[in-house]
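Single-structure report; data block below.
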There are 2 protein chains.
Amino acid sequence: MITKEHKLKDKWVGFIHSLQDDICRKLEAEDVKALFSSEKWERPGGGGGDTRIMKDGNVFEKAGVNTSVVSGTVTETMRNQLKIDGAKWFAAGLSLVLHPLNPYVPTVHANWRYFELYDKAGKLTDSWFGGGADLTPYYLFEEDARHFHGVLKGAIDPFGPELYQQYKKNCDEYFVNTHRNNETRGIGGVFYDYLKPADEFDADTLFRFQQANGNAFLKAYLPIVAKRKATNYTERELEWQEIRRGRYVEFILIHDRGTIFGLKTNGRTESILMSLPPRARWEYNHVPTKGSEEEKLLEVCLHPKDWV
Amino acid sequence: MITKEHKLKDKWVGFIHSLQDDICRKLEAEDVKALFSSEKWERPGGGGGDTRIMKDGNVFEKAGVNTSVVSGTVTETMRNQLKIDGAKWFAAGLSLVLHPLNPYVPTVHANWRYFELYDKAGKLTDSWFGGGADLTPYYLFEEDARHFHGVLKGAIDPFGPELYQQYKKNCDEYFVNTHRNNETRGIGGVFYDYLKPADEFDADTLFRFQQANGNAFLKAYLPIVAKRKATNYTERELEWQEIRRGRYVEFILIHDRGTIFGLKTNGRTESILMSLPPRARWEYNHVPTKGSEEEKLLEVCLHPKDWV
């Protein structure tokens with residue numbers, strides 16, 4: 001029986017697969033040298049995914065653009081630790097993390113997902129969309145921060161004038177290393193979750209909202225790559241890039257809900273951890289020099305700003 | 001009022017401080033070039049510590065030998081997530097992680113700790129010792145594994161002939177990346193916890209047991225350092241070292257109880273995370289070449305062996 005809900009699910013799966021193709025093709029064009037390899041995998045509990053990895057490019061040192069369409073039975077662990085209430089679940093999403101070579105080009109992450117829960121009889125009981133994108137520069141260029149946030153805001157504004165501010169705030173509050181004086185991992189972006197079809201925001205509108213966000217991503221990110229990728233750098237900038245990548249690792253492994261969800265639901269470890277940077281460094285008690293560009297970046301991580 | 005328990009606490013604090021001095025002095029002698037710096041810190045909630053760090057040595061790329069003597073009120077988080085039942089707590093321990101430069105010299109970790117719990121009136125309600133040491137080689141030398149385990153066994157055997165096997169098994173079961181096909185982080189060692197003073201194993205015996213373990217550590221580790229530190233290596237071995245250090249980071253940030261305890265109890269982040277390696281690397285789906293030395297090491301991590 002094809003219900004309206006099943007159609008939405010199919011439409012969503014179609015969308016993330018074509019967005020994956022589009023993003024990969026455009027990133028390859030930007031990189032010129034490296035190509036994405038594709039690895040299709042199956043999840044023992046149900047479903048599978050398509051993990052696309054690019055490495056050692058001209059621009060991208062390590063990049064992953066994954067889709068997964070997975071489903072399963074709600075386990076005790078999911079019930080207790082992830083607060084998921086239902087008998088069966090379904091999740092489909094696109095998740096990407098791009099780590100460029102040049103320390104003047106920011107790392108970026110984005111994810112758009114759709115989740116369904118069913119009761120024992122297989123009846124749909126709950127469903128929601130989530131997603132977002134956030135930028136992790138190693139050096140701060142205010143015009144880049146304004147551009148990134150500006151494009152994301154432009155995609156969201158048609159759906160409600162108050163939404164960008166709310167999702168920007170969510171993002172600043174989510175991507176935080178609470179164990180590091182609440183330092184954010186970068187200059188943020190937008191982050192939203194549990195957007196459920198309801199009268200004021202129906203399933204079709206939500207779907208168009210997700211499309212608008214997904215389609216805005218490269219417009220927000222690629223112009224920054226193009227502008228910064230030929231900047232000269234030295235050993236010093238690479239060191240700082242590796243130190244900040246250490247913080248990125250800490251966020252992903254200690255705090256990130258998506259990572260924890262994946263590892264707790266018996267996900268494919270290599271696909272989940274593709275988000276980790278190519279290299280990271282830890283120095284005891286590293287503090288940037290007073291007045292340096294490194295300190296300037298850290299300052300906006302400790303005190304998130306409004307960019308648009 | 002000085003009770004028997006308070007004397008034990010004081011004796012333990014004295015022991016870990018003198019062991020810290022001894023270990024640091026001998027590691028400096030082995031390294032020849034680098035010295036430990038000491039940073040004494042106070043914990044806002046009670047107590048403090050002495051973090052000793054050596055870096056960029058001839059032998060040790062990054063080494064931390066910490067003591068901490070801390071106490072506080074049992075919080076909701078501790079009660080729920082750490083299953084600690086009481087009103088106030090006290091913990092004192094020595095914790096060390098040594099990351100050598102040469103990929104033929106193993107990374108090593110050791111920790112010996114003492115914990116007390118009190119009721120609202122300040123009366124001691126529970127206390128226990130814990131500890132252990134484990135070795136993380138990048139290349140497997142069976143004679144080194146036998147030596148390391150042999151010395152640890154020699155220290156433990158006088159306290160009970162069955163204990164080493166039990167604590168060796170605990171170690172193999174604890175230092176495991178469950179999200180990586182249950183790969184252990186190295187070739188193990190010993191690990192024990194919740195050793196409580198009881199009739200068959202009184203507080204004095206437990207104290208001597210901890211001393212025996214603490215004092216055996218350098219005898220187990222330094223001969224391996226001396227034997228391997230001048231081995232020639234190339235870029236290939238360094239790459240493998242960084243990949244394995246990535247796994248070390250994953251264990252610490254995802255699974256390690258000590259790290260989680262520290263971060264959840266508002267511990268000093270820089271001292272807790274001194275255990276992280278100087279550098280780590282993540283390559284998508286890295287698999288060692290068939291029949292290589294790298295594969296041989298991975299094999300014993302996937303299938304822990306008895307070494308003595």
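Within every chain, numbering begins at 1; the chains are lettered A, B, ... in the order of the sequence lines, protein sequences first and strands thereafter.
- Between chain B and the options A/T259, A/L263, A/I252, the largest number of non-hydrogen pairs under 4.5 Å is found for A/L263.
- For residues 55-68 of chain A, heavy-atom neighbours of chain B at less than 4.5 Å comprise A/K55, A/K62, sorted by residue number.
- Heavy atoms from other residues, nucleotides or ligands lying under 6.0 Å from CG of B/N182 number more than 12.
- Considering NE2 of B/H179 and CD1 of A/I260, their distance stands at 12.0 Å, rounded to 0.5 Å.
- Contacts of B/F115 classified as ring pair (Phe, Tyr, Trp, His ring centres under 6.0 Å), with partners at least two apart in sequence or in another chain: B/W128, B/F261.
- For B/Y248, the ring pair (Phe, Tyr, Trp, His ring centres under 6.0 Å) partners at least two apart in sequence or on another chain are B/H99.
- In B/N80, the CG atom is crowded: over 12 heavy atoms of neighbouring residues, nucleotides or ligands sit closer than 6.0 Å.
- Proximity to chain B is limited to the side chain of A/E242, based on heavy atoms less than 4.5 angstrom apart.
- Proximity of A/Y284 to B/L273: side-chain heavy atoms (C-beta onward) are nowhere separated by under 4.5 Å.
- Taking non-hydrogen atoms and a 4.5 Å limit, the residue list of residues 28-43 of chain A in contact with chain B, ordered by number, reads A/E39.
- Atom CG of A/N285 and atom CZ of B/R268 lie 5.5 Å apart (nearest 0.5 Å).
- With a threshold of 4.5 angstrom between heavy atoms, A/I272 does not approach chain B through any atom at all.
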Steps toward side chain to side chain contact (heavy atoms under 4.5 Å, CB included) verdict (A/V249, B/E250): CA-CA 9 Å; A/V249 171; B/E250 291 176 22; over 6 Å; no
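- Between A/E270 and B/R180 there is a salt bridge, since a side-chain N of the basic residue sits under 4.0 Å from a carboxylate O of the acidic one.
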